[in-house]
Amino acid sequence: YDTKIPRYSTADKTSFGFPTGRERWPIIITGVIDDAYRSVSQCDDTEKRDEGKKIVEELARLKYEVEHDRPLVPIRDDGYPDVALYNKELEQLGNPSWLNVQWLFCECYLFRRINTSFSLSTYWKGYDVFARQKIKTFRSSRPAVLELAGRYKDLVQKLENNKGQATDEESDRLLFMEVCEICLWGNATDLSLLTSLSYEDIQKLQGSEARKASEKNILVNDLPAAYDLLLKAKKEGKKERRVDIVLDNAGFELYVDLILAGYLLSAGLATVVVLHPKSMPWFVSDVVPGDFAALLNALANPRHFYETPSEDDHLQDKIPAPLSDAEADQLSYLFQEWSRLHSEGQLMLRPNRFWTHPGSYWRLPHVEKELLEDLKTSELVVFKGDLNYRKLTGDASWDPTTPFTEAIGPLGPGSGVNILALRTCKADVVVGLKPGQDEELRQTEGGGGDSGARKWAWSGKWAVVSFSNGQ
Ligand code: F6P
Ligand code: MG
C-alpha cells in the first residue's frame, strides 16, 4: 500500500536518518536508562526494584545493539496485535540492522522495543519513561505559557461577548491564522530534538516576538483554505461540526493544541474537538492520555506546579520564582475552561493503536477502516508535527515540488478526509514547494549547500502548513 518512491534510510549519508541513528538514538536511549535507573533506585519495594534493575540492563543492551549496528530482532509478544505487524515487516525488510534500514520503520521500532521492556513486566507496566522530561520542559516553558494564558482569556471572553453579533470577516480570518500559527510553532520544540537545543533556545522559540519573526519561515501556508472550509460548514448551520487533532508532543505543544481547540469551540468554528493521543510513550515527547491529565493537574494548581522545587531544583538549590496573582488566576481560568469543555463532551480524547504502528498513513484505509470512517465524519483533521507529516507522506524522497495531495496517496482527494498538516520541518521529506525553493534554501547558511543533504529542513526553523480537501 506504500508509495514506490524510495524511503529515507539510516544508511543514507545525506539523510537526517544517518546522524539520528548514530548520535541521537544513543542519546535518547541513555536518557531512558537514566530515568528508569532513577525510578528504580527510588523504589522501596524489593521485588519491584529487582525487576526494574533487569529492565535497566535490558535497555543498556538495546543501546549496545544500536551502537554496534546489530540486526533488529523480532519484538517480543506483549499481547498487542501490532507486534505481529512489526515482526512481519521486519521479515519483509530482510532482517536489516539498525544503521542500514528504512529510517521511519526503525524509529517506530525503537520506541516499540523500549515499550516492551515495561509492558512485559509485572510492576512497571504503563510506566512512562519520558514523563519526567516532559514535565520538566513544560515547567521551563513558563514565560510562553503565561504570555499565552493571558491572551487566551481575553480572546475567549471577547468571543463569548460577541456571540451572535456581526463581526469583521477579515479580522476573524486573521485571528484564525494567528491561533493556528501559535499551534504550529508549538511544534518547533519537541524533546527528541532537545539533544541539540538548550532550554534558553526553547524559550526564545516560544515567545510572541519569535512567532512574528517566523512568519516568513512558513514555506507553504494553506491556512486560508482550511478556514474557508470551517466557515462554510458554520454558515450552512450544520449542527455537529467536528475538528480532530492528531496530537504530537506533550507539554507546551499540547498546551497550544488546547488553545487552538478552545478557540475553535468559542469561535463556533467547531462544536466538538477530538484529540488523538498515542497509546504508549512515543518519540520521547508525544502525548499519551496521562499527559493530558498531567497538564490539567498542573493548571488546576499552578502555584504548586510552578513553585514547588523539582528534583533537579533541589539538587541545584534553586527556588522557583512565585507566580503573581494575575498569572495564577489566568492559569486557573484555563483549567476551568478546558475541564468544563472536557466534562461537557466538547473536547475528548480518542486513542487508537494505529498511531503507533510502524508504517505510513498510506495504510490507514487498509488496516484501520473504522478509524478512517470516523475521520471522514470530521470537518477537518489536523495532523501536528514532523512525525505525522513523515507518516502522511510515507517518509519518501519525493521531489519537493510534488503536490501535498499527491504525496499523501490514498488519504488525498477522494479519501473523504479533509487534512491539514501543521509541521515544523525536522526531517528530510518535504513537498508542496515552489520550483527552485529547495535549491535556494540549501544555499542559506547551514542549509546543506552542495552536500546533497537537505539540512535546512532538519532543525525546526522552517515550517509547512499543507491542506488537502478529501472530497
Ligand atoms: O527528525 C527528527 C525527529 O526527532 C524525528 O525523529 C521525528 O520524526 C521527529 O523529529 C519528531 O518530531 P515531532 O515531535 O515534531 O513529530
Ligand atoms: Mg513528537
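These values consider heavy atoms only, across backbone and side chains, with no hydrogens, waters or symmetry-generated copies. By convention here, the first residue in the shown sequence is residue 1. Note that the structure is a prediction, hence the values are computed from the model and not measured. Atoms within each ligand, like the ligands themselves, are counted from 1 in listed order.
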Q | Location of contacts on Trp458 toward ligand 1, heavy atoms closer than 4.0 Å | A | neither

Q. Any N or O on Asn249 sitting closer than 3.5 Å to an N or O of ligand 1?
A. yes

Q. For ligand 1, is Glu253 a contact, meaning one of its heavy atoms is under 4.0 Å away?
A. no

Q. With a 3.5 Å cut-off and no angle check, do the side chains of Asp395 and Tyr389 form a donor-acceptor pair?
A. no

Q | Any Trp103 heavy atom less than 4.0 Å from ligand 1 | A | yes

Q. Does a salt bridge link Asp244 with Arg350, judged by any charged N lying under 4.0 Å from a carboxylate O?
A. no

Q: Identify, with sequence neighbours excluded, every residue that meets side chain to side chain donor-acceptor pair (under 3.5 Å) alongside Tyr152.
A: Trp338

Q: Verify whether the ring centers belonging to Tyr86 and His357 lie closer than 6.0 Å.
A: no

Q) If you count the atoms of ligand 1 from 1 in the order shown, which ones are under 4.0 Å from a heavy atom of Asp386? A) 1 (O), 7 (C), 8 (O), 9 (C), 10 (O), 12 (O), 13 (P), 15 (O), 16 (O)

Q | Atom nearest to the Mg ion (ligand 2) - Asp248, N, O or S atoms considered | A | OD1

Q: Ignoring hydrogens and angles, state whether a donor on the side chain of Asp438 or Trp456 is under 3.5 Å from an acceptor on the partner side chain.
A: yes

Q: Before signing off on this row, confirm whether Leu387 and ligand 1 have an N or O atom pair separated by under 3.5 Å.
A: yes

Q. Where the closest heavy atom to atom 8 (O) of ligand 1 is concerned, which of Lys426, Glu107, Arg390 has it?
A. Arg390

Q. What orientation do Trp355 and His276 show, parallel under 30°, tilted 30 to 60°, or perpendicular over 60°?
A. perpendicular

Q: Consider every N or O of Asn388 and every N or O of ligand 1, then say whether any pair is closer than 3.5 Å.
A: no

Q) Counting backbone and side chain alike, does Ser285 bring an N/O/S atom below 2.8 Å of the Mg ion (ligand 2)? A) no

Q. For the Mg ion (ligand 2), what is the closest N, O or S atom on Asp286?
A. OD1

Q) In terms of side-chain geometry, is the basic nitrogen of Lys134 or Asp128 positioned less than 4.0 Å from the acidic oxygen of its partner? A) yes

**Q.** Salt bridge Glu65-Arg113, side-chain N to carboxylate O under 4.0 Å
**A.** yes

Q. Can you tell which part of Arg423 has a heavy atom less than 4.0 Å from ligand 1: side chain, backbone, both or neither?
A. neither

